[in-house]
There are 2 protein chains.
Amino acid sequence: MKKAPTIRDVAAAAGVSVSVVSRVLNPESGPVAPAKREQVLRVIGELGYRPRAAARELSAGHALTVGLVVADLANPFFAHLADRVVWEARSHGVQVVVMTTQEDPHLEADSLDTLLDRSVGGVIATPTGGNIEKWERLRDLGVNVVFVDRTIPELEDVDVVSIENSDSARRATEHLIALGHTRIGLITGPTSTSTGQARIEGYRTALENASIVVDPMLIRDVPFRGDGGGDAVGSLLALPDSPTGLIVANTAQVQSSVRRLVQVGVRIPDELSVIVFDDNPWTELTNPPLNVIRQPIDMLAVHSIELVLGRMQGRLPAGARRIEVKADFVPRNSSAPLIRSAAS
Amino acid sequence: MKKAPTIRDVAAAAGVSVSVVSRVLNPESGPVAPAKREQVLRVIGELGYRPRAAARELSAGHALTVGLVVADLANPFFAHLADRVVWEARSHGVQVVVMTTQEDPHLEADSLDTLLDRSVGGVIATPTGGNIEKWERLRDLGVNVVFVDRTIPELEDVDVVSIENSDSARRATEHLIALGHTRIGLITGPTSTSTGQARIEGYRTALENASIVVDPMLIRDVPFRGDGGGDAVGSLLALPDSPTGLIVANTAQVQSSVRRLVQVGVRIPDELSVIVFDDNPWTELTNPPLNVIRQPIDMLAVHSIELVLGRMQGRLPAGARRIEVKADFVPRNSSAPLIRSAAS
DNA sequence: TACAAAAGTGGAACCGGTTCCACTTGGCCC
DNA sequence: GGGCCAAGTGGAACCGGTTCCACTTTTGTA
């Protein structure tokens, strides 16, 4: 097990001082004579010298690292998001430390402490909704925070990147209304989350615009974890006047919901028109392929990284940015016009 | 933006030297009088002191961090693996820096350099197959490497955690043979990878045991990236004597392959019996639900972390460990007995 | 040619931990 | 009561970078 060369080894071998080597490494920090620069670069190549990140971090007080805090990498949405974030970060020479919360505020708090210890320059997170003081403290300590996908209403001065949740839900609902459906079930995330609220709002708007009375029984807010989606499907279908349309607007519960639909054997789209939030690799492999609201994950990732790095480099004006990107509605074959009382 | 307290602040506030505080933090490094320990802990609590990881790393020469190098977090297998690795690492107080290679050796080399700069204590990776010298150099510099899922034959002294690839392929093949199939297509990863080789080997073994002649035309090794799976499906089905059974043993190409099957409209299992490698969230949502070889991802993650941390703490004997875990065959409804010449 | 400004250089402090080592206490035993 | 060993403590060096500052050498201009 060899020992890696340090900046002093390089300086000695090149016959210059460490200051010069350091300035070769960080050109903006001072001038170096062209000849010496060459010389130093040559020695660096020969020795295979690479600066230790830890030393730089210690001196700089913060790391060229961002934390990514998501619920769960087993969820394809977060996995895909993480993939893009890692990719975008790499193109900026930044590393990503990934932590998962499992939607548990305690684990989230823990993750934030850990990231704080690591002096990360920024954090990109889908917050659980708790830990408000902790997020504030993080920001007070100079860590740049960007919320992605969701937000926390109380934290007004945090940057947010999300999709147009309300608008997307409205469009999905309008699609079903246009097909003649009036009893439309909605499965969302908890009403304590911004996405849950916004999607319900969009759903209501669409119904109210069409003068359809909103039946609270048709709205199910279920937790992100567990099998609440399937249960909601079950109880919606068991309703005396069961819905003919269903919007699953909880990305973490799509799988559970669809599994139940398959188990129960409802005929889609004949008996039930379905639209789900978020395009997964498999939504076009089901029978029939599902209509989806596709979140532009690439855009979410790009904007998040841009924001967090922009803040880290101090080249963004003060004041929170709220970026909302449009989500596409992808029509496939899981919705059909309502056949009036065909079932009775 | 406040400034976080340092160990010297704590020492001053507690009326002791930094040495004492350090010893309170790392009990094994020396004795502290119980009274002072209390005192120090109290001050730490009051000040909200947290040690900077960078300082510790610089001093220790290595970080309490492991690198996870996978192809692509958009692939559910890797995503799930990453999820479990992050989870297991957390329970040991270790952070995970995730890097993706997109199966490109250059990006892989780059990732390794970056991880080296960060002085990570270990790396868990699914190697692309290239960069042999780089992996060796990494190990020479004291970074503990564990390959997961795949391996590189040339690197004999690296720990490996994988499933019983050959055995799994053999069992899948035997399942189809038992149903009467003799023309069985196999889609694997590149033959340059250990998994590709081992799975082909298992497939051949099963066929040879059953005295079925191996038709090389039925074996398709396709790259992990791109749409090779779908293309292979297309050309296999276009064969004059097309297969009645198909094993997709390339996790990254399952989606592409199944998509093509759906597009072409082959009736499964009537016209084609299918088994795919790796259980995804969606394999039971397709029509019909797919028979799968389920990789015990939790086990892979647990063993990988155990190995890498064990090495980091020097509590593992020298010599490479090769851990092979059994993969389950999960029968669902995508295979059926061969109906002799029913199609002709 | 003279002199100010700019370019180039090296020494040393600093970031915040860990650890070695020398030193002071105290308890125990003979 | 003297001597010894262990427990407890603090000072200071060290890890490997960055950066400030003082100093020397150019360069440009009057």
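Just so it is clear, the structure is predicted and the values come from calculations on it, not from any experiment. In what follows, every chain begins at residue 1, and chains take the letters A, B, ... in the order their sequences are listed.
Considering only residues two or more places apart in sequence or on other chains, A:E88 meets the side-chain hydrogen bond (donor to acceptor under 3.5 Å, both in side chains) condition with none of them. Taking B:A4 as the reference, A:L141, B:R52 meet the side-chain contact (heavy atoms from CB on, under 4.5 Å) condition, with sequence neighbours excluded.
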Listing, residues 122-134 of chain B side-chain donor-acceptor contacts under 3.5 Å, not counting sequence neighbours, or none:
| unit_1 | atom_1 | unit_2 | atom_2 | d |
| --- | --- | --- | --- | --- |
| B:T128 | OG1 | B:E108 | OE1 | 2.7 |
| B:T128 | OG1 | B:G130 | N | 3.2 |
| B:N131 | ND2 | B:P105 | O | 2.8 |
| B:N131 | ND2 | B:E108 | OE1 | 2.8 |
| B:K134 | NZ | B:D113 | OD1 | 3.3 |
| B:K134 | NZ | B:D113 | OD2 | 3.3 |

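Figure legend: B:R150 and B:F224 shown as a cation-pi pair, the cationic atom lying under 6.0 angstrom from the six-membered ring centre and within 45 degrees of its axis.
Although no hydrogens or angles enter the test, the distance criterion places no donor-acceptor pair under 3.5 Å between the side chain of B:S59 and the main chain of B:A55.
Here the range on DNA chain D touched by chain B, meaning any atom under 4.0 Å from one of its heavy atoms, is D:dG8 to D:dG16.
B:E136 places a side-chain heavy atom less than 4.5 Å from the side chain of B:L155. With a 4.5 Å cut-off on side-chain heavy atoms, B:V86 and B:Q95 do not count as touching. Side-chain contact between A:V146 and A:V161 is present, with heavy atoms from C-beta onward closer than 4.5 Å.
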- [ ] Begin from the C-alpha positions of B:T101 and B:E103 and carry the test side chain to side chain donor-acceptor pair (under 3.5 Å) through to its verdict.
- [x] CA-CA 5 Å; B:T101 65; B:E103 301 289 1; 4.8 Å; no
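Only B:S19, B:S22, listed by number, bring a heavy atom of residues 11-23 of chain B to less than 4.0 angstrom from any atom of DNA chain C. Only A:L58, A:S59, listed by number, bring a heavy atom of residues 38-62 of chain A to less than 4.0 angstrom from any atom of DNA chain C.
Under 4.0 Å is where a charged nitrogen must lie from a carboxylate oxygen, and between B:R118 and A:E57 at least one such pair does.
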